[in-house]
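The structure appears below as structure tokens.
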Amino acid sequence: MASGSASLMWFRKGLRIHDNPALQYAAEGTKFLYPVFVIDPHYMEPEKNAFSLGSARAGLNRINFLLESLADLDSSLKKLGSRLLVLKGEPSEVLIRCLKEWEVEKLCFEYDTEPYYQALDFKVKNYASTAGIEVFSPVSHTLFNPTDIIQKNGGRPPLSYQSFVKLAGQPSSPLSHTLSSLPLVGDVGSCVISEVPTIKELGYVDIGQDESSPFRGGESEALKRLNEIINDKEWVATFEKPKGNPSAFLKPATTVLSPYLKFGCLSCRFFYQCLQDVYKNVKRHTSPPVSLLGQLLWRDFFYTVAFGTPNFDQMRGNRICKQIPWNDDDELLTAWRDARTGYPWIDAIMVQLRKWGWMHHLARHSVACFLTRGDLFVHWEKGRDVFERLLIDSDWAINNGNWLWLSCSSFFYQYNRIYSPISFGKKYDPNGDYIRHFLPILKDMPREYIYEPWTAPLSIQTKAKCIIGRDYPKPVVLHDSASKECRRKMAEAYALNKDLNGMVSEEDIRNLRRKLKEDPEQEAKNKRIR
DNA sequence: CTCCGGTTGTTCGG
DNA sequence: CCGAACAACCGGAG
């Protein structure tokens, strides 16, 4: 092949045509362009032992969302005279083989701050540099370059939203140029190329509409959704995140653009620009941190801290994370995970998570607080794993950041503020319509008992065709005593962290755990007799 | 060292 | 709808 004739666009996130600097650069001055996506079997292929349908790493809803996004990308590329080349295997091995086979001179892919991609990209860039291949890896998944912000702050990421905003300045603008055509795909040689697979082709059984996410993946869907939102200027101008209703499910109280941002079906820079256009044309509008635009800043905040904090996704060895003697109680964890806590508000949210792969931000708060510092005192890493698997918008930086936040391990420290698994939902949805929808076993429970069905007289339970303890579980803990106990443990743990100036060893944690267990009477009181 | 502010708690009183 | 008590946290600025 002639020199400079082939370039490879490696899609990972950034599954879009619009505002895609890597794609645009890949398409410039080349005869052939190879748009590639590598399916990592570990991420995509069925894993029997997982607690939900899906692969070792991802639940079926997110795999499906990704496949839909890839199919949409393929169709858009075809309209531009190209196509998506799908390959299977360990991504760096596959990619390096392609680079050799196609004599690629220019490799382009979006820069990624996640540890998984940092390690992967290191291998690929290493090969490219020895082979003399030009690499272009622009930052386009976030508004700002996390590296720049960390550098501006003296090498450490800012740990509060306000200090982040002060450092951030103006975000980068989306590309104004729209691609009208792409170079041809060259000969693929001996590389095995496939079409975007269906869920069945990957070895999954179809689970049916009722059990799966109502949100369809892809750039086209993202732009359609964005358009609908942007056209409702009043809604955009008055959006206030903390005032949203977590129990709204017929029409969610937020944009549900998060899964599209996660996979890069939607450019956050384009979204940012659209929001500013709306703000310019209205008399008044809400502002960060609570406005829609503020949500994009929060996203960048978490990306920046996550990138600049070693071991961000764990408690140990994480310098911004409080060391807390969390329980290692698998029974409580699985009750929470499988929607069997006996608190309808909590269980309904967990059902929505499993079926839809999405729930409102405040609903996430409610269940995360309940699992960790609020009631069960289970390690936030365990809850993080469940979210990471089941959410279609699961994003490494944001998911871990929010678990750190909600468990009062970092960013937020007012552990006395505990969401009530009873009153929090009730104030938005006194009739319990949300519960009735996601937990149909409780659909005939009268409204005065729907949030606390164990308090309903047996005659009422019988009439509602739901006996507590048989058809629906009794509460795994009593919120009043359990939350009080959690407060006590948090206070002790905080005191220890303060005394030791954050240098808490594993042994210190063990000792504290022993000390906190000295009150078995209290422990027993928290648990309901089952 | 002090002081201030912190996207999103709950309950009670007015 | 709004403020105060609850009990008192932290990061960041000065």
Side-chain angles (χ1 to χ4, degrees), chain A residues 149 152-154 156-168 238-248 252-255 258 275 285-302 304-305 308-309 318-324 343 345-346 349 359-370 372-375 398 401-430 451-452 479-502:
Chain A
I149 293 182
K152 267 194 224 168
N153 199 41
R156 290 202 173 195
L159 295 179
S160 75
Y161 172 85
Q162 293 301 346
S163 56
F164 168 80
V165 170
K166 272 183 205 164
L167 288 162
T238 56
F239 182 92
E240 272 183 82
K241 186 69 166 279
K243 292 200 176 152
N245 178 355
S247 72
T254 51
T255 61
S258 54
L275 289 174
H285 60 83
T286 53
S287 297
V290 298
S291 66
L292 268 185
L293 196 129
Q295 305 316 300
L296 287 175
L297 297 175
W298 277 105
R299 178 174 177 272
D300 261 62
F301 167 70
F302 283 124
T304 305
V305 189
T309 307
N318 181 347
R319 68 176 177 228
I320 68 165
C321 182
K322 290 255 181 278
Q323 304 297 305
I324 294 168
Y343 286 92
W345 170 248
I346 299 297
I349 294 167
M359 67 282 209
H360 187 273
H361 185 65
L362 291 178
R364 300 180 194 203
H365 275 216
S366 226
V367 295
C369 178
F370 185 84
T372 58
R373 65 182 171 85
D375 290 84
I398 298 168
N402 276 304
W403 276 97
L404 284 164
W405 185 295
L406 260 299
S407 64
C408 281
S409 296
S410 199
F411 309 117
F412 176 80
Y413 306 95
Q414 284 165 282
Y415 56 79
N416 280 310
R417 295 187 185 173
I418 292 173
Y419 290 88
S420 162
I422 297 153
S423 18
F424 185 69
K426 204 186 270 180
K427 81 180 168 201
Y428 298 100
D429 179 18
Y451 284 87
E452 300 165 272
H479 174 66
D480 280 349
S481 53
S483 61
K484 217 172 153 187
E485 188 62 7
C486 283
R487 281 190 172 99
R488 184 179 75 91
K489 288 177 177 172
M490 290 300 284
E492 293 269 7
Y494 267 45
L496 181 71
N497 277 266
K498 205 173 194 174
D499 283 353
L500 300 176
N501 199 19

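Every chain is numbered from 1 and lettered A, B, ... according to where its sequence line falls, protein lines coming before strand lines.
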For A/H361, all residues meeting ring pair (Phe, Tyr, Trp, His ring centres under 6.0 Å), sequence neighbours excluded | A/H365
How long is the line joining CZ of A/F301 and P of B/dT7, in whole Å?
-> 9 Å
Pair listing, salt bridge (Lys or Arg N to Asp or Glu O under 4.0 Å) test, anchored in residues 405-418 of chain A, at least two apart | none
Spacing of the P atoms in C/dA7 and B/dC4 (rounded, Å) = 23 Å
side-chain hydrogen bond (donor to acceptor under 3.5 Å, both in side chains) partners of A/T304, counting only residues at least two apart = none
Residues passing the salt bridge (charged side-chain N to carboxylate O under 4.0 Å, His left out) test with A/K243, sequence neighbours excluded, are A/E240
Pairwise P distance for C/dC1 and B/dT7, with rounding to whole Å | 24 Å
Atom pair distance, as rounded to whole Å: CZ in A/F164 and P in B/dG5 = 22 Å
Have A/D375 and A/H479 got a donor and an acceptor in their side chains that come within less than 3.5 Å?
-> yes
Sidechain-backbone polar pair: A/Y415 side chain, A/S407 backbone, donor-acceptor under 3.5 Å = no
Spacing of A/F370 atom CZ relative to B/dT8 atom C1', expressed in whole Å = 19 Å
Shorter than 3.5 Å, N or O on both sides, protein versus nucleotides 10-14 of chain B: list them out with atom names.
unit_1 : atom_1 : unit_2 : atom_2 : d
B/dT10 : OP1    : A/S420 : N      : 2.6
B/dT10 : OP2    : A/K427 : NZ     : 3.1
B/dT11 : OP2    : A/S423 : OG     : 3.0

Using whole Å, report how far NZ of A/K243 lies from P of B/dG9.
-> 13 Å
Report which part of the nucleic acid A/Q295 touches: base, sugar-phosphate, or nothing (heavy-atom distance under 4.0 Å, all strands).
-> base
Write down the distance separating the C1' atoms in C/dA4 and C/dA8, rounded off to the nearest Å.
-> 15 Å
Could you give all pairs that pass the salt bridge (Lys or Arg N to Asp or Glu O under 4.0 Å) test and reach residues 361-370 of chain A, with sequence neighbours left out?
-> A/R364-A/D393
Residues 492-502 of chain A vs side chain to side chain donor-acceptor pair (under 3.5 Å), sequence neighbours excluded, gives A/E492-A/K515
For A/K241, salt bridge (charged side-chain N to carboxylate O under 4.0 Å, His left out) partners two or more places apart | none
Could you give the CH2-to-C1' distance, from A/W405 to B/dG9, as a whole number of Å?
-> 14 Å
Any side-chain donor paired with an acceptor under 3.5 Å for A/W345 and A/S366?
-> yes
Pairwise P distance, C/dG3 and B/dT8 [rounded to whole Å] = 15 Å
Runs of at least three consecutive pairs that involve DNA chain B, where pairs are Watson-Crick or G-U with distances under 3.5 Å = B:1-6 with C:9-14, B:9-14 with C:1-6
Could you pull out all residues at least two apart from A/H285 that satisfy ring pair (Phe, Tyr, Trp, His ring centres under 6.0 Å)?
-> A/Y279
For A/F424, what residues pass the ring pair (Phe, Tyr, Trp, His ring centres under 6.0 Å) criterion, not counting sequence neighbours?
-> A/Y419, A/Y428
Base, backbone or nothing for each nucleotide of nucleotides 7-14 of chain C, written B, S, -, heavy atoms under 4.0 angstrom, 5' to 3'?
-> --BSSS--
Which whole-number value in Å describes the distance from A/N245 CG to B/dT8 P?
-> 18 Å
Planes under 30° and centres closer than 5.5 Å, is that true for A/W298 with the base of B/dT7?
-> yes
